[in-house]
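For reference, the structure I am asking about is given below.
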Amino acid sequence: MKESLHYLLMADYLLFQKSLLASIKDINLTSGQPKILDYLLFHDGAVQKEIAEACHIEPATITSVLLGMENKGLIIRKNINGNRRCLYVYLTDKGKALAEKVELSFDIIEEKALLDFSDDEKKMLTIFLTKMNNNLLEKGVIGDE
């Protein structure tokens with residue numbers, strides 16, 4: 001099989017995801033929850049819409065994912081100043097502890113993935129992936145046109 005860019009990106013994503021899920025299997029998270037915990041670790045008190053955008057999760061899906069996290073005692077959702085349309089999401093102590101474990105797992109996986117990369121190669125990879133992301137966001141995704 002020709003190792004095209006799309007194949008390599010998908011294969012690397014799947015390997016990263018598989019490594020992550022294996023490293024946190026003992027904490028019983030669904031596949032969408034680690035990235036939300038990681039986001040909230042640095043943006044505690046974020047609005048659901050912001051979380052959905054930052055984690056690339058559809059707004060309809062974020063509600064059910066957050067409900068599952070709330071039921072596990074990982075987050076609490078509050079409205080502020082009586083605004084019932086806008087819920088802010090906060091990590092509980094249990095959620096923060098798991099978020100820190102997830103962040104450590106992300107760091108370890110990234111370190112392994114970039115083991116033979118020089119500092120310049122790491123910077124260039126980040127630049128290239130950011131450019132790709134921006135191009136796809138600015139030019140639109142096929143099917144969204």
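Computation of the quantities below employed the complete heavy-atom set of this structure, encompassing side-chain atoms and omitting hydrogens, waters and symmetry-equivalent molecules.
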Subject >> Heavy-atom side-chain proximity of Thr126 to Lys123 below 4.5 angstrom >> reply: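 Of all side-chain heavy-atom pairs linking Lys123 with Thr126, none is under 4.5 Å.
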**OP:** Determine, step by step, whether Tyr88 and Arg77 satisfy the side chain to side chain contact (heavy atoms under 4.5 Å, CB included) criterion, reporting the C-alpha distance in whole Å, the side-chain angles of both residues, the deciding distance to 0.1 Å, and the verdict.
**Re:** CA-CA 5 Å; Tyr88 294 84; Arg77 294 186 279 183; over 6 Å; no
**OP:** Take Lys96 and Thr92 through the side chain to side chain contact (heavy atoms under 4.5 Å, CB included) test and state the conclusion after the steps.
**Re:** CA-CA 6 Å; Lys96 185 172 182 187; Thr92 62; over 6 Å; no
Original post:
Roughly how far apart are Phe117 CZ and Glu111 CD, rounded to 0.5 Å?
Top reply: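 So the gap between those two atoms works out to 13.5 Å.
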Subject >> Nearest atoms (heavy-atom pairs only) where Leu9 meets Met132 >> reply: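 So the two residues come closest at CD1-CE, 3.4 Å.
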Original post:
Would a hydrophobic clustering, with Ile, Leu, Val, Met, Phe, Trp and Tyr connected at side-chain separations under 4.5 Å, put Leu5 with Leu125?
Top reply: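 Yes, because Leu5 and Leu125 connect within a single hydrophobic cluster, where side-chain heavy atoms sit under 4.5 Å apart.
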Original post:
Distance-only, no hydrogens or angles: does the Gln17 side chain make a donor-acceptor pair with backbone N or O of Leu14 under 3.5 Å?
Top reply: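 Checked: no pair found.
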Subject >> Pairwise distance OG(Ser105) to CG(Leu21) - rounded to 0.5 angstrom >> reply: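 Separation between the atoms: 10.0 Å.
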Original post:
So do the side chains of Lys35 and Ile57 get within less than 4.5 Å of each other, counting heavy atoms only?
Top reply: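 The answer is yes; the side chains approach within 4.5 Å.
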Original post:
Should Ile75 and Tyr39 be counted in the same cluster of Ile, Leu, Val, Met, Phe, Trp and Tyr side chains packed under 4.5 Å apart?
Top reply: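 Yes, one cluster joins them.
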**OP:** Measure the CD-OG distance between Glu110 and Ser19 for me, rounded to the nearest 0.5 Å.
**Re:**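 One gets 12.0 Å once the value is rounded to the nearest 0.5 Å.
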Original post:
Is any side-chain heavy atom of Ile109 less than 4.5 Å from a side-chain heavy atom of Leu20?
Top reply: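 Yes; the side chains approach each other to less than 4.5 Å.
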Original post:
Can we say Asp26 and Lys101 salt-bridge, meaning some charged N sits less than 4.0 Å from an Asp/Glu carboxylate O?
Top reply: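 Looking at Asp26 and Lys101, the cut-off is met.
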Original post:
Quick one: does Lys78's side chain have a donor or acceptor within less than 3.5 Å of a partner on Gly45's backbone?
Top reply: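 Side chain of Lys78 to backbone of Gly45, a donor-acceptor pair under 3.5 Å: no, none is there.
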**OP:** Treat each ILVMFWY residue as a node, draw an edge where side-chain heavy atoms are under 4.5 Å apart, and state whether Leu66 and Leu87 are in one component.
**Re:**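 Result: no, two separate clusters.
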Subject >> Reported OG-to-CD distance for the pair Ser64 and Glu58, which is rounded to 0.5 angstrom >> reply: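 These two atoms lie 11.5 Å from each other.
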Original post:
Any side-chain heavy atom of Leu41 sitting closer than 4.5 Å to one from Leu37?
Top reply: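 Of all side-chain heavy-atom pairs linking Leu37 with Leu41, none is under 4.5 Å.
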**OP:** Check whether any side-chain heavy atom of Glu50 sits under 4.5 Å from a side-chain heavy atom of Ile62, and report yes or no.
**Re:**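 A side-chain contact is absent here, since even the closest heavy-atom pair is not under 4.5 Å.
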**OP:** Please tell me if the side chains of Leu91 and Leu98 come closer than 4.5 Å, counting only heavy atoms from C-beta onward.
**Re:**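 They are not in contact (no side-chain heavy atoms under 4.5 Å apart), so the answer is no.
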Original post:
Say you draw a straight line from CD1 of Ile76 to OH of Tyr90; how long is it, rounded to the nearest 0.5 Å?
Top reply: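 Ile76 CD1 to Tyr90 OH: 8.0 Å, rounded to 0.5 Å.
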**OP:** Answer yes or no: is there a side-chain heavy-atom contact under 4.5 Å between Leu74 and Leu29?
**Re:**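 With C-beta onward as the side chain, the pair touches.
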Original post:
More than 12 foreign heavy atoms under 6.0 Å from NZ of Lys122: is that the case here?
Top reply: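 Yes, enclosed.
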Original post:
Taking atom CZ of Phe128 and atom CG of Asn133, what is their separation to the nearest 0.5 Å?
Top reply: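 Between Phe128 CZ and Asn133 CG, I get 15.0 Å after rounding to 0.5 Å.
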Subject >> Val47 and Ile51, any side-chain heavy atoms less than 4.5 Å apart >> reply: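 They are not in side-chain contact.
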